[in-house]
Amino acid sequence: MTGTPGAEPFDAVDVIRTKRDGHPLEAAQIDWVVDAYTRGAVAEEQMSALAMAILLRGMTRPEVARWTGAMIASGERMDFSGLSRPTSDKHSTGGVGDKITLPLAPLVASFGVAVPQLSGRGLGHTGGTLDKLEAIPGWRASLSNAELMAQLEDVGAVVCAAGAGLAPADKKLYALRDVTGTVESVPLIASSIMSKKIAEGTGALVLDVKVGSGAFMKDLDAARELARTMVDLGTDAGVRTVALLTDMEVPLGRTAGNALEVRESVEVLDGGGPADVVDLTVALAVEMLAGAGRPVPEAEVRAALGDGRAKDVWRRMIAAQGGDPDAPLPRARERREVLADRSGVVTRLDAYAVGIAAWRLGAGRSRREDPVQAGAGVELHAKPGDEITAGQPLLTLHTDTPARFERASAALAGRWSVDDAGSAGPRPLVLDRVG
Ligand code: URA
């Protein structure tokens with residue numbers, strides 16, 4: 001439905017033509033088109049043409065800022081100013097094995113800074129934080145605004161589903177972009193992420209912009225541009241915002257899949273876990289605490305992972321949302337190993353391929369309404385730089401439905417390598433900082 005002819009101040013076709021021909025949109029055009037799309041007066045096919053024109057032609061900084069503002073104005077804004085603690089949040093642009101939110105939120109909260117993590121579900125090859133936490137028996141993702149506030153005040157950390165009232169224009173537009181090949185646009189990604197984070201009302205924000213095969217941004221220059229755009233949007237809106245650009249060529253940690261990642265996160269909260277997960281959690285926590293005006297030295301932050309302070313908040317955070325932090329986590333019914341075909345050093349293990357394999361095993365969904373398998377996913381026994389002997393398991397695939405093994409194995413074929421010698425040293429995890 002496109003509204004009564006003449007009743008709207010602009011014509012969607014004129015707006016589309018303006019962007020198609022490479023001209024900037026006027027502020028009033030942007031306000032109108034975002035609002036009219038949200039209330040159904042601009043049709044889906046018109047917005048998909050406009051999104052494609054934006055993807056191909058780009059947007060100026062003032063256009064991106066106005067577009068973000070219009071998406072914020074489409075819904076409610078939360079206000080945490082009544083809390084006794086400052087707030088700081090983190091957003092990752094999405095990667096494979098990226099379970100960092102799980103240890104990070106309680107770690108930051110253990111230093112007296114509240115973390116309001118309003119999260120989403122996974123779609124495609126990247127996992128969703130809510131799907132991971134739902135692997136914990138009893139845990140529920142939906143909280144009312146009053147419950148969210150109470151938990152932030154009492155426990156200090158909340159990971160829950162973003163309510164329908166937050167940036168509804170983005171909810172509609174993101175679903176459209178997902179099916180029209182218009183996700184990978186810097187202005188559209190930046191405005192999508194920042195409209196939700198600004199509407200959420202956090203005082204400080206750290207962006208983890210992923211770069212590499214397992215990320216939306218495959219190269220460093222594109223990731224830097226996305227980071228700069230988002231940092232400027234946040235700063236202009238009064239949110240203290242910085243971005244870390246981090247490697248996503250290889251999966252994070254040694255697991256990809258919901259319960260598998262919860263188990264690994266608990267290891268980190270017990271003072272163990274893979275070094276890359278620990279290091280990134282600590283780096284992001286240091287930034288979040290500094291952004292909230294409560295700087296803590298890195299060594300002190302690291303110590304809170306080992307001495308039970310972060311684990312204590314984790315247990316309270318899970319229990320407050322109905323979860324049993326002591327309950328055994330679900331395990332998949334079937335397992336299959338992928339064996340090294342020769343001895344040597346692992347030189348490549350492609351993050352995207354591991355993400356697709358985990359997804360095909362049942363850890364992710366193709367449609368928003370699909371269920372996920374809590375126990376499904378991929379366990380990595382060796383990563384680039386590690387030595388391996390012929391016949392040893394490189395990966396273990398987990399699923400409840402053995403028919404899925406074939407397509408998961410196909411995703412991995414040719415996407416890992418073992419050679420006589422590795423290339424120079426481990427890859428750096430944090431590639432750049434934009435602040
Ligand atoms: N995450 C979002 O929320 N929006 C995007 O456009 C991409 C990633």
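For the numbers below, each heavy atom of this structure counts, side chains included, while hydrogens, waters and symmetry mates do not. Start at 1 with the first residue, then count along the sequence. Atoms within each ligand, like the ligands themselves, are counted from 1 in listed order.
- Shown here for T182 and T180, the closest heavy-atom pair between the two residues is OG1-OG1, 2.9 Å.
- Taken to the nearest 0.5 Å, the CG atom of L394 stands 11.5 Å off from the CD atom of E379.
- Using a 4.0 Å heavy-atom criterion, the residues that approach ligand 1 are Y174, R177, I189, S192, I193, K196, F216.
- Counting all heavy atoms, side chain and backbone alike, V113 lies closest to R294 at CG2-CG, 3.8 Å.
- Note on D386 versus R254: salt bridge recorded, some NZ/NE/NH1/NH2 to OD/OE distance being below 4.0 Å.
- For residues 66-77, the set of pairs meeting the salt bridge (charged side-chain N to carboxylate O under 4.0 Å, His left out) definition, not counting sequence neighbours, comprises D31-R66.
- The side chain to side chain donor-acceptor pair (under 3.5 Å) with Q373 is formed by just one residue from the set N258, T399, D131; it is T399.
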